[in-house]
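Quick notes on the structure that follows.
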Amino acid sequence: MDHERQEIKKFIKNGLLFCSPLILFFGLSFLVLYSSGELESLDQIVKTQQNSKSSLVGLAYSDPLRYLKLQTVLTRKPDIIMLGSSHTAYFRSTFFNSPEIFYNASIGGAYPQDFRIFLNRLSAEAQPKVILIGLDPAWFDTVCNWSNYDVLDNQYTSKFSASNPFRAWQFGYTQLYKDYFSGKFSRRDISQIFQTFENFGLNAKINQSGYRWDGTPIDTKQIALRLTESDESFRKRTAADFFSQQPERQKKCEEKSRQTSSEIKKFLSQSKFRKIQVIGYITPYNKAVYQELRQMKKKYEHIFKLGSGLQPIFNQFGFNLYDFSNIAAANLADKEMLDEVHASEKASLRLFLIMQSSEPKLWPYIDPPYLKKRLNQAAPNNLFIFGENEF
Amino acid sequence: MLFNSFSFLIFFPVVTLLYFALPHRWRWTLLLSASVFFYMVFVPAYILILGILIVIDYFAGRWIEQARPERKKVFLIISIIATCSVLFFFKYFDFFAGNIGSLARLLGWNYSLDLLGIALPLGLSFHTFQSLSYVIEVYRGQQKAEHHFGYYSLYVMFYPQLVAGPIERPQHLLPQLHTYHHFEYQRVVSGLQRILWGLFKKMVIADRLAFFVGPVFDHPANYDGVSLLAATIYFAIQIYCDFSGYVDIALGSAKVMGIKLTENFHQPYLARSVSEFWRRWHISLSSWVRDYIFLPLALQLRSWGLWGIVGATLATFTILGLWHGANWTFLVFGILHGLAISIELLTKKIREKLASKANGFLIGATSLVYTFAFWSFSLIFFRAKSLSDAFYIASHLFSGLFDYIIHIFHYTGSAGSGLLAPLLAGQHREDFVIMAGAILLLLIVEIFPKRVAGRDLETLFSSRLPNWFRWSAYYALIFIILLYGVFYKTPFIYFQF
């Protein structure tokens, strides 16, 4: 018994000694993750951002955007929302007379099923009067992954929210060190974590990037890069990126097209039933990419038929669909695009002004002459019209 | 509960702490409760099936022991039928029903049996064999029937080996469960070392290899011969690391508590014949089928001489193949091994004669390569989703290989990515490098100590190497797992059996 006690004491002593560097390793990363808000409860994030328009949400080690955006809509009950992928992310609340009217619930990497899931999770009290939706041509191509409905739906639930801090920790506790040693942030940056209380996530605290109060993103690094790029370089890069990264991209996939069209139809039908007006548009490509797609027409002709193919579905429910895949048709210039598929705030406003002219439901909420005036007064950078924290 | 999960990280120390804190008379209760909890984390309802198996064989054991000699066999047969019926119902019913239906349709009969679509309770094949081993040994008089229901239940449900073995013989495990185990520093450390090594094999090698194997076996027609060949070899490594990794964690966990489970692997990829391979791979299963299927069959067929042994071998491996799964692919897998071993038996004398005349090293190397190649080839049927996929892969393994080899010889240094692409299955080069490095570490740890120092690494680590070296190695391994381990919830391959 004495010998056994000695063995146990030896094990405890050596065990504590052995574990101390590990405790330090985990402890440090936990401190950084906790202090930066990466492990914050999602409901708290929604609540804080609700009360502070300058609050940014830029989580680096988790992706709970679906839950966050849904809860924000349920909390604020805006009259108008935007649904779509990152391609529709720059429609801002400043397009409207009052910032509380609008929330951009776009989700980077969204799937067509997200429309219906989002709508199903909106209570009657929280449902908007108008939903703007952006349709990615990519949802009809071969590389579009058709995600399982239940898997996506789960990301909108409280169960997902409850487990999010653990997931963030599980991914973040080693990724943090990898990012530090690869130079993504420095020791000086870490001090900012303890200062900016309203921002959540390392991306928000260190890079001032993330999602604003109105749901639109701000990515300082991407913007800085874009602003320093010449038009010629931008055109060459975006075309090369688009066609080289995914050579099979945009090739038509019959099955995916059917699934996506069917999903959109179900969404439109439910919106109609719930008396919600839907305004849809096909998101744009920049000119360089569009022209190349045109030159390879045989391979990509489905893109040019998308508008005419989807229009009847929208019309069936009394809704309109605008085909902005060709930015020239919307009087946009390449310099107003962030990249080959993401329209900037300025480009998004132009698209919005075109759509609103035929949408009486929007008229009580906007002041087109004012918006046009702001458009004309826009700063020379050609990407933004409104200030970062202007709502 | 998976060994490579956060819950196990909490479960294991808590159970172990309580184990050593409790007096011996309560330890079986703790271990049994922990094992029940461990199993119920998967699908709670399936504990009832395990319970039924335990009750059947507990009473069967007692009745066999108490019965008159002429009645013993009756109880044994009833027990075997009942136990195997449970296995058949959950594992094989749909397979046979489906095939009978297909045959009926082929013959133009209007007949079909409704499929049940029931999921297989985790580890049922293992529990079945372990329970059968118990009743057979009691029948043979080689094991006294366990009178304590709790200890018998623990024998079947002992959590380290609950889900995927090793299949323990009652003579080996039951006495250990009854014995009081002291806390021994060196033994506990050795057990933890083994767990760490098992986690490395599972999370860094096996789960990373799955990224390279999965896409190819799921859609083989999208890949050329070199990719198919690469994926076949990767799977051979994946399945070894996955299963032996699990076994390391199982054995390590048991060792911490003072219980020695059966070693299930002994450097199988150093085997020089398929027969030898099965003495090194999944040893608890191969010894089980040898003792309870092959030897009785061979005895029955002894009048056929060598052909009797061949017949028994083929039958044994057919059953072994089917044990792995209710699918034609597993049947073919088993038959392939049965045929290979039968051929080795029939050509033994000729081969020995040839070997005596040839260079020993060359013979050894050739045998090693042949055995690994055969095993990898048979794994195509093990892993493929269907027979048609398996045949497609097998028939296209070498297509484009010649061109690839020529490409290597014309390599000028600037087309590196072209050489590597068929080996990546669409994954990142970084993952390939991590995987290759981890496999190299595996070779260094599992093969070279024995070859060079004549001792396995466990022995070396237990006493021969200085503290600072050992602790550095532990830290290195922990950080390799933390940085490069795959942390999604990936079940062990053998859990499906």
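Every chain is numbered from 1 and lettered A, B, ... according to where its sequence line falls, protein lines coming before strand lines.
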message = Can you tell me which portion of Lys178(A) sits under 4.5 Å from chain B's heavy atoms? Options are side chain, backbone, both or neither.
response = side chain
inquiry  = Counting only non-hydrogen atoms closer than 4.5 Å, does Phe166(A) touch chain B with its backbone (N, CA, C, O), its side chain (CB onward), both, or neither?
reply    = side chain
request  = Could you look at Leu17(A) and say if it's the side chain, the backbone, both or neither that has a heavy atom under 4.5 Å from chain B?
outcome  = both
message = Tell me whether Arg208(B) contacts the main-chain N or O of Met435(B) through its side chain, where contact means a donor paired with an acceptor under 3.5 Å.
response = no
query = Parallel, tilted or perpendicular: which describes the rings of Phe11(B) and Phe38(B), with under 30° parallel and over 60° perpendicular?
reply = tilted
ask   = Between Tyr475(B) and Trp471(B), how do the two ring planes meet: parallel, tilted or perpendicular, split at 30° and 60°?
value = perpendicular
message = Between the side chains of Asp153(A) and Arg121(A), is the shortest nitrogen-to-carboxylate-oxygen separation below 4.0 Å, so that they form an ion pair?
response = yes
remark   = So, the part of Phe171(A) with a heavy atom under 4.5 Å from chain B: the answer is neither
